[in-house]
Amino acid sequence: MEVVLFTLVLYINDVPKEWMAFWEDPVTKDHNEMGLSGCLWQRRNISRLSGFRNTPGGRYACERRRVTTRVNWEGNTVIDKLGDKV
């Protein structure tokens, strides 16, 4: 299914390498869509906990993207294909 989601994208040399738009709540174990606030929270936590900083070779970005989703083997919705920015 093609939808528009806020997606956290890891760029390496301006090429998207990894992305996510869903997260698992550690308390309830629910698999939820991140939204804009969740995306910014994840990006901030990556910088704070791992010490990762944006560099010319790599950066994290929260972007609104058209993506294709599918259900994985655990029954969770995941991004199958990253599409264009919206």
Side-chain angles (χ1 to χ4, degrees):
M1 172 195 311
E2 190 170 287
V3 293
V4 175
L5 297 172
F6 281 102
T7 307
L8 179 62
V9 182
L10 170 62
Y11 286 96
I12 303 292
N13 295 327
D14 291 328
V15 177
K17 294 292 184 180
E18 293 185 11
W19 48 82
M20 64 182 281
F22 299 93
W23 69 289
E24 184 176 300
D25 187 336
V27 176
T28 63
K29 303 295 184 198
D30 289 335
H31 190 74
N32 301 314
E33 182 182 326
M34 282 193 309
L36 178 59
S37 61
C39 185
L40 294 171
W41 181 83
Q42 289 283 6
R43 189 178 77 175
R44 185 174 58 247
N45 271 351
I46 289 169
S47 295
R48 188 173 49 131
L49 297 176
S50 70
F52 180 88
R53 298 287 183 249
N54 287 341
T55 63
R59 66 184 172 91
Y60 280 97
C62 288
E63 301 173 345
R64 192 165 180 218
R65 290 215 173 221
R66 187 174 315 279
V67 297
T68 304
T69 60
R70 65 176 170 83
V71 176
N72 70 0
W73 60 276
E74 295 178 313
N76 296 328
T77 304
V78 295
I79 295 176
D80 188 35
K81 182 180 172 190
L82 191 64
D84 298 330
K85 293 181 189 178
V86 176

Cluster link [X] to [Y], ILVMFWY, side chain under 4.5 Å:
{"X": "Ile79", "Y": "Val4", "value": "no"}
{"X": "Leu5", "Y": "Met1", "value": "yes"}
{"X": "Val67", "Y": "Trp19", "value": "yes"}

Between the OG1 atom in Thr69 and the CD atom in Glu33, the distance rounded to the nearest 0.5 Å is 10.0 Å
Interatomic distance, CG@Leu82 vs CD@Glu18, rounded to 0.5 Å, equals 12.0 Å
Those residues at least two apart in sequence (or on a different chain) that pass side-chain hydrogen bond (donor to acceptor under 3.5 Å, both in side chains) with Arg59 are none
Residue set satisfying side-chain hydrogen bond (donor to acceptor under 3.5 Å, both in side chains) with Asp30, at least two apart, ordered chain then number -> Thr28
I need the minimum non-hydrogen distance between [X] and [Y], along with the two atoms involved.
{"X": "Thr77", "Y": "Phe22", "answer": "O-CD1, 3.4 Å"}
{"X": "Met34", "Y": "Met20", "answer": "CE-O, 3.3 Å"}
{"X": "Leu8", "Y": "Cys62", "answer": "CD1-SG, 4.0 Å"}
{"X": "Leu36", "Y": "Phe6", "answer": "N-CD1, 3.6 Å"}
{"X": "Trp23", "Y": "Gln42", "answer": "CB-NE2, 4.0 Å"}

Indicate yes or no: at least one non-hydrogen side-chain atom of [X] is less than 4.5 angstrom from one of [Y].
{"X": "Ile46", "Y": "Arg43", "answer": "no"}
{"X": "Val78", "Y": "Arg70", "answer": "yes"}
{"X": "Arg65", "Y": "Val9", "answer": "yes"}

Do other residues, nucleotides or ligands put more than 12 heavy atoms under 6.0 Å from [X] [atom1]?
{"X": "Glu24", "atom1": "CD", "answer": "yes"}
{"X": "Arg64", "atom1": "CZ", "answer": "no"}
{"X": "Asn45", "atom1": "CG", "answer": "yes"}

For the side chain of Thr68 and the backbone of Asp80, is there at least one donor-acceptor N/O pair under 3.5 Å apart? no
